[in-house]
Number of protein chains: 2
Amino acid sequence: MQQRLPVIRSFGPIRSLTPVAKPSKENSPITEHLAYLLAQANREINRQLETRLSKEGVPVEQWRILKVLSDGNGHSMGELADAVLLNHPTLTKMIDRMVSDALVYRVQDPKDRRKVLMFVSDHGKALSRRLNSLAVSQEEHIVESYGDKSTNELKRLLESLIGTAN
Amino acid sequence: MQQRLPVIRSFGPIRSLTPVAKPSKENSPITEHLAYLLAQANREINRQLETRLSKEGVPVEQWRILKVLSDGNGHSMGELADAVLLNHPTLTKMIDRMVSDALVYRVQDPKDRRKVLMFVSDHGKALSRRLNSLAVSQEEHIVESYGDKSTNELKRLLESLIGTAN
DNA sequence: TTGAAAATATTGAATATTCAACAATTGAAG
DNA sequence: CTTCAATTGTTGAATATTCAATATTTTCAA
């Protein structure tokens, strides 16, 4: 006669009393918030880029401005402000400085005289090329330590986040 | 006699003269740079969070400070500055304001009298809870439109980027 | 133990950013 | 056409951030 095996009534603690379906987030550390991780990563990468560009004595925002204007087309202030992630008065004042440095110049838009079209000077173009090579070398450095796959995947996810956020 | 087939000398354009292995990056638009994508995404998400927190009239940085201090332990100014992504003088001045608002208070560290330990008040704790629920609801909103999988994958990649960047 | 160097936080001046108001131009309704 | 609202860019004042210098305390080597 086959021996009765003991009935197993439980495999462990009663799970319904230790809720597992609700990770709750309420008390999660700040380092788990997307907003915080983005701020931290941005800060770090921006610092690195800033360090590179300091070789030319130029802030990151001016690199962005020069890069956008380097397509040779005129860009209005509003358009430019959006593109380089600055609000209007800040951009106006930064452009004032860049005009003083003869990197860019203003032209009133003949089609709409409220607008100002910004253009990059030859001097600005030359600087832009040097800055761009510094920026590219930074990105290559990131790819080296962080990996090509991760970098591309991260870019893809960021683009998609930006897309859904608007 | 078998007919001679013409000798095929080329299958198309000579590839080595139209380099295909070098995406070059040199002239890529700014929107393809990791540094730019991070800045853009951070700006957008931060804006959203700022809007939520404005219900309590509190800037994002104060939410971070309150959240870090809400573990109940004392945190030195230096430690706190690192944690909340502010440099020291900026933190000192923001803490001054928060002390005026009775959200936090300073205690000199008895073990090392160079240090100041920051603590959150009961009032600050209550505010922190309200802020946190606003922040959590924002993150839930992101997860809704962006997807749970993407959000988690993005967080993972950001953490890893931050890890390798240091 | 003493004295110099390092670590920690704050301050004040210089700089930068933001907010609100403004001026100029265009668009559009009546 | 005229007028009023919307768009675009700039300005000045208020606010915030950053840099360099300072004060205090601790660390550590001689």
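Letters go in sequence order (proteins before strands), and every chain restarts at 1.
A ring pair (Phe, Tyr, Trp, His ring centres under 6.0 Å) check over residues 53-75 of chain A, counting only residues at least two apart or in different chains, returns the pairs A:W63-B:H33. Applying the side chain to side chain donor-acceptor pair (under 3.5 Å) definition to pairs two or more places apart or across chains, those involving residues 85-104 of chain B are B:N87-B:T90, B:D96-B:R106. Evaluation of the ring pair (Phe, Tyr, Trp, His ring centres under 6.0 Å) test over residues 144-166 of chain B, restricted to residues two or more places apart or in two chains, returns none.
Scored by the side chain to side chain donor-acceptor pair (under 3.5 Å) test, B:S137 finds B:R52 as partners (sequence neighbours excluded). Partners of B:E144 by salt bridge (charged side-chain N to carboxylate O under 4.0 Å, His left out), not counting sequence neighbours: none found. Residues satisfying the side chain to side chain contact (heavy atoms under 4.5 Å, CB included) criterion with A:R156, sequence neighbours excluded, are A:E153. Scanning for side chain to side chain donor-acceptor pair (under 3.5 Å) contacts around A:E50 gives an empty result, with sequence neighbours left out.
Between chain B and DNA chain D, the heavy-atom contact criterion of under 4.0 Å yields a 5' to 3' nucleotide range of D:dT17 to D:dT26.
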**Q.** Worked check of side-chain hydrogen bond (donor to acceptor under 3.5 Å, both in side chains) between B:S145 and A:T164
**A.** CA-CA 7 Å; B:S145 46; A:T164 68; 4.8 Å; no
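Residues from residues 85-103 of chain A lying near DNA chain C, meaning a heavy-atom separation below 4.0 Å, are A:N87, A:P89, A:T90, A:K93, A:R97 in numerical order. Residues from residues 105-118 of chain B placing a heavy atom under 4.0 Å of any atom in DNA chain C, listed by number, are B:R106, B:R114, B:K115, B:V116. Within residues 46-64 of chain A, no residue approaches DNA chain C, by heavy-atom distance under 4.0 Å.
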Got a list of side-chain donor-acceptor pairs under 3.5 Å for residues 113-124 of chain A, not counting sequence neighbours?
| unit_1 | atom_1 | unit_2 | atom_2 | d |
| --- | --- | --- | --- | --- |
| A:R114 | NE | A:D112 | OD1 | 3.1 |
| A:R114 | NH2 | A:D112 | OD2 | 2.8 |
| A:S121 | OG | A:A102 | O | 2.7 |
| A:S121 | OG | A:L103 | O | 3.0 |
| A:S121 | OG | A:H123 | N | 3.4 |
| A:S121 | OG | A:G124 | N | 2.9 |

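No option in A:V143, A:L53, A:I45 other than A:I45 meets the side chain to side chain contact (heavy atoms under 4.5 Å, CB included) test with A:Q138.
A continuous path of Ile, Leu, Val, Met, Phe, Trp and Tyr side chains, each step under 4.5 Å between heavy atoms, connects B:I65 with B:L49, placing both in one hydrophobic cluster.
Between the C1' atom of C:dT8 and the CD atom of B:E79 lies a distance of 13 Å, rounded to the nearest Å.
Contact record, B:L85 with A:A39: CD1-CB, 3.7 Å, taken as the closest heavy-atom pair.
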